[in-house]
Amino acid sequence: MSIKTSLVAGSALAVALAIGLGGAAQAQDMSYKWSGAPQFSNDDTAFKVRGRILFDYVNQDIKRDGPGGDFKTSNARGRQAFLGVEGKLNSYFAYKLEGGAVNGGSWGWDDAVIEYKPSEPVSILFGNVKVAGLENLTSTRFTTFMDRGPYGDFGVDSYLLGVVGKYSGYNYSMSLGVQGASLNSTDVNNASADSKERLTITARGHYALLNTDADKLHLAVSYRYRNRGDESAFAYTGRTNTAYSNATFYTTGGIGNRDKTIAVEGAWVHGPLSVQAEYSSIDVTRAGTAGDDPTIKVGYAFVSFWPTGETRNYDAAAGEFKRPKILNPVTAGGFGGVELAVRYDLADTTDAYKTLKVKPATSQAGEYTGWTLGVNYYPTSYVRFQANYTDGKVDNYGPNQDFDVKQFQLRAQLDF
């Protein structure tokens, strides 16, 4: 069965379950509320339909060093159109399933999780799960910028299929994941040959040093080990702060047999003002004998401010940001909420070139730096309009390999 067929069937099942539960709510003494979508619950069970719609517009003006390389792009695109369900069977088992169309038409799953809670602070998750990274763990619905930048491209893993254990307290958590590739990846199937998929082991710990109404201070560290198994070698390829790309601007190519990543996270929230940063150092064991082992570096930092008085909603137990509460939504006769932000991104893949025994005349294993300005407008907590402008530069090796990027993006978003 194709993914697309599975998603359609899953969506139909979600609607049927919602109707069925709605009709049975009284009989089972279940309470009902509207939280962007119908939600049913009692002391031990819960069910909710969930989804999101994100429409983007992307405009790029690319200047390339040398003749004949300049180009422009202009695209209206579907970033995400998801439908799913989440709920609890009882106090021990819960589930979440959500997927749909991504990035202009491809289909796939994000959350597909079975959760077992043997005790209140302990969760064991089976399925497509994220483990580390402050911005990575924060849902796309709530990230300050439209895209996570190169850090999200290769500084941290997104959803991977495996088992993750979590222990959470009032202001701290510890996580350990043993995973393979994404649920959306095809099986490793090398004809009549070894066919082992990649192995990923990730550990993260976070601690909220401050967790008051006025101030939040988040610190975290994570470690990731990866072995490609019999899959293709790991490549460290980034984009220019957008999920859209019709060109490769900087990449190491497939060089990694194994790698080890140390990452640090930090965030401070003081009322309407917040600062956030992450940095990863990736030690790569090179596949083959073309050169020594390189170190790849990637990170970002940003500042945001709400002139309308809101504050970013930090979850101290999970170590991530949640849905902001808009103080004066348009549904109550207010103006809504506005967030202003500025961001700096860095991706340095140059060591992949510097450690080669024989250096080619040209290489895209270069360095990307970019500044992004962002404006977010929330009519309500469930609807958002975004505008991002990025001024980026790529320094690669050799003639006609450098890029200057001017990029403007818009987004209309609704989730439930």
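Everything quoted here is computed from the prediction, not taken from an experiment. The analysis underlying the following values was restricted to heavy atoms, covering all of them including side chains, and did not include hydrogens, waters or symmetry mates.
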Checking Q409 against T242: is there a side-chain donor and acceptor pair closer than 3.5 Å? yes
Specify the closest pair of heavy atoms between A316 and A208, including all atoms of both residues, with the distance to one decimal. CB-CB, 4.1 Å
Which distance, rounded to the nearest 0.5 Å, do you find between the CG of N376 and the OG of S304? 8.5 Å
Taking Q179 for the side chain and V129 for the main chain, is one N or O donor matched with an acceptor at less than 3.5 Å? yes
Got more than 12 heavy atoms from elsewhere within 6.0 Å of CG, D213? no
Does I114, at its CD1 atom, have more than 12 non-hydrogen atoms belonging to other residues, nucleotides or ligands within less than 6.0 Å? no
Working to the nearest 0.5 angstrom, can you tell me the gap between T144 OG1 and N388 CG? 10.0 Å
Keeping T308 on the side-chain end and V338 on the backbone end, is there a donor-acceptor pair under 3.5 Å? yes
N257 and R228 side chains, donor-acceptor separation under 3.5 Å: yes
Give a yes or no answer on whether the side chain of D111 reaches the backbone of K96 with a donor-acceptor pair at less than 3.5 Å. no
So the salt bridge (charged side-chain N to carboxylate O under 4.0 Å, His left out) pairs with at least one residue in residues 370-392 (sequence neighbours excluded) are D391-K406
Hey, mind stepping through T237 and T248 against side-chain contact (heavy atoms from CB on, under 4.5 Å) and telling me if it holds? CA-CA 8 Å; T237 304; T248 300; 4.3 Å; yes
Listing request: all salt bridge (charged side-chain N to carboxylate O under 4.0 Å, His left out) pairs with a residue in residues 140-164, at least two apart in sequence or in separate chains. R141-D415, D153-R239, D157-R224, D157-R226
With a cut-off of 6.0 Å (strictly less than), are more than 12 heavy atoms of other residues, nucleotides or ligands near NZ of K393? yes
Mind listing the closest non-hydrogen atom pair of Y368 and T390 along with its distance? OH-CG2, 3.7 Å
Please say whether more than 12 non-hydrogen atoms of neighbouring residues, nucleotides or ligands are located less than 6.0 Å from NZ in K260. no
Show, in sequence, the C-alpha distance, side-chain angles and deciding distance for F47 and E86, and conclude whether the side-chain contact (heavy atoms from CB on, under 4.5 Å) test is met. CA-CA 6 Å; F47 177 85; E86 64 178 294; over 6 Å; no
Side-chain donor-acceptor pairs of residues 325-334 under 3.5 Å, sequence neighbours excluded:
none

Is the NZ or CZ atom of R52 both under 6.0 Å from the centre of the six-membered ring of F82 and within 45° of that ring's axis? no
Evaluation steps, side-chain hydrogen bond (donor to acceptor under 3.5 Å, both in side chains), between N103 and Y244: CA-CA 7 Å; N103 290 337; Y244 170 82; over 6 Å; no
For E278, salt bridge (charged side-chain N to carboxylate O under 4.0 Å, His left out) partners two or more places apart: none
side-chain hydrogen bond (donor to acceptor under 3.5 Å, both in side chains) between T240 and Q407, worked out: CA-CA 8 Å; T240 58; Q407 179 176 277; 2.9 Å; yes
Ignoring hydrogens and angles, tell me if any N or O in the side chain of D351 forms a donor-acceptor pair with the backbone of P294 under 3.5 Å. no
Angle class for the Y236/F154 ring planes (parallel below 30°, perpendicular above 60°, tilted otherwise)? perpendicular
So, D215 side chain and L210 main chain: donor-acceptor pair closer than 3.5 Å or not? no
Are the side chain of S41 and the backbone of A46 linked by a donor-acceptor contact shorter than 3.5 Å? no
List for me each residue that meets ring pair (Phe, Tyr, Trp, His ring centres under 6.0 Å) alongside F126, sequence neighbours excluded, and say none if there are none. none
Quick check: Y344 with F302 (ring centres under 6.0 Å apart)? no
Has S195 got a side-chain atom pairing as donor or acceptor with A193's backbone, closer than 3.5 angstrom? yes
Could you tell me the separation between the OG1 atom of T140 and the CG atom of D110, rounded to the nearest 0.5 Å? 7.0 Å
Minimal non-hydrogen separation, A317 against G169, with atom names: CB-O, 3.3 Å
Heavy-atom side-chain proximity of L209 to L219 below 4.5 angstrom: yes
Holding to salt bridge (charged side-chain N to carboxylate O under 4.0 Å, His left out), I want the full list of residues that pass it with R198, two or more places apart in sequence or in another chain. E231
Are E265 and R204 close enough for a salt bridge, meaning some N to O gap below 4.0 Å? yes
In terms of ring plane angle, is the pair F249 and F71 parallel, tilted or perpendicular, where the classes change at 30° and 60°? parallel
Ring centre gap for Y378 and W306 strictly below 6.0 Å: yes
Evaluate E115 against S123 for side-chain hydrogen bond (donor to acceptor under 3.5 Å, both in side chains), listing each step before the verdict. CA-CA 7 Å; E115 179 182 12; S123 291; 2.7 Å; yes
May I have the step-by-step check of side-chain contact (heavy atoms from CB on, under 4.5 Å) for V58 and Q60, ending in yes or no? CA-CA 7 Å; V58 183; Q60 294 176 319; 4.2 Å; yes
Within this structure, what is the CG-CG distance for the pair D404 and D65, rounded to the nearest 0.5 Å? 8.5 Å
Is there a donor in the side chain of W109 and an acceptor in the side chain of N184, or the other way round, less than 3.5 Å apart? no
Is the Y151 to Y300 ring centre distance short of 6.0 Å? yes
Compare every heavy atom of Y57 with every heavy atom of S74, then report the nearest pair and how far apart it is. OG-OH, 2.8 Å
Between K297 and S281, do the side chains contain a donor N or O and an acceptor N or O under 3.5 Å apart? no
For the pair S175 (side chain) and A203 (backbone), establish whether a donor and an acceptor sit closer than 3.5 Å, ignoring hydrogens and angles. no
May I ask you to check whether N246 and T73 show a side-chain donor-acceptor distance below 3.5 Å? no
S139 side, atom OG; K322 side, atom NZ - distance, nearest 0.5 Å: 8.5 Å
Which heavy-atom pair separates G155 from V298 by the least distance, and what is that distance? CA-CG1, 3.6 Å
Of the non-hydrogen atoms in N136 and K130, which two are nearest, and what is the gap between them? O-NZ, 2.7 Å
Donor-acceptor pair, R286 side chain versus A352 backbone, under 3.5 Å? yes
Determine, step by step, whether N227 and R258 satisfy the side-chain contact (heavy atoms from CB on, under 4.5 Å) criterion, reporting the C-alpha distance in whole Å, the side-chain angles of both residues, the deciding distance to 0.1 Å, and the verdict. CA-CA 4 Å; N227 187 315; R258 299 180 300 278; 3.5 Å; yes
Answer yes or no: is there a donor N or O on one side and an acceptor on the other, between the side chain of T138 and the main chain of L134, under 3.5 Å? yes
Between R411 and D56, is the closest basic N to carboxylate O distance under 4.0 Å? yes
Kindly say whether the aromatic ring centers of Y172 and H206 come within a distance under 6.0 Å. no
Rounded to the nearest 0.5 Å, what's the gap from CD on Q386 to CE on M146? Could you check? 6.0 Å
Is the positively charged end of R312 above the ring of F321, judged by distance under 6.0 angstrom from the centroid and angle within 45° of the axis? yes
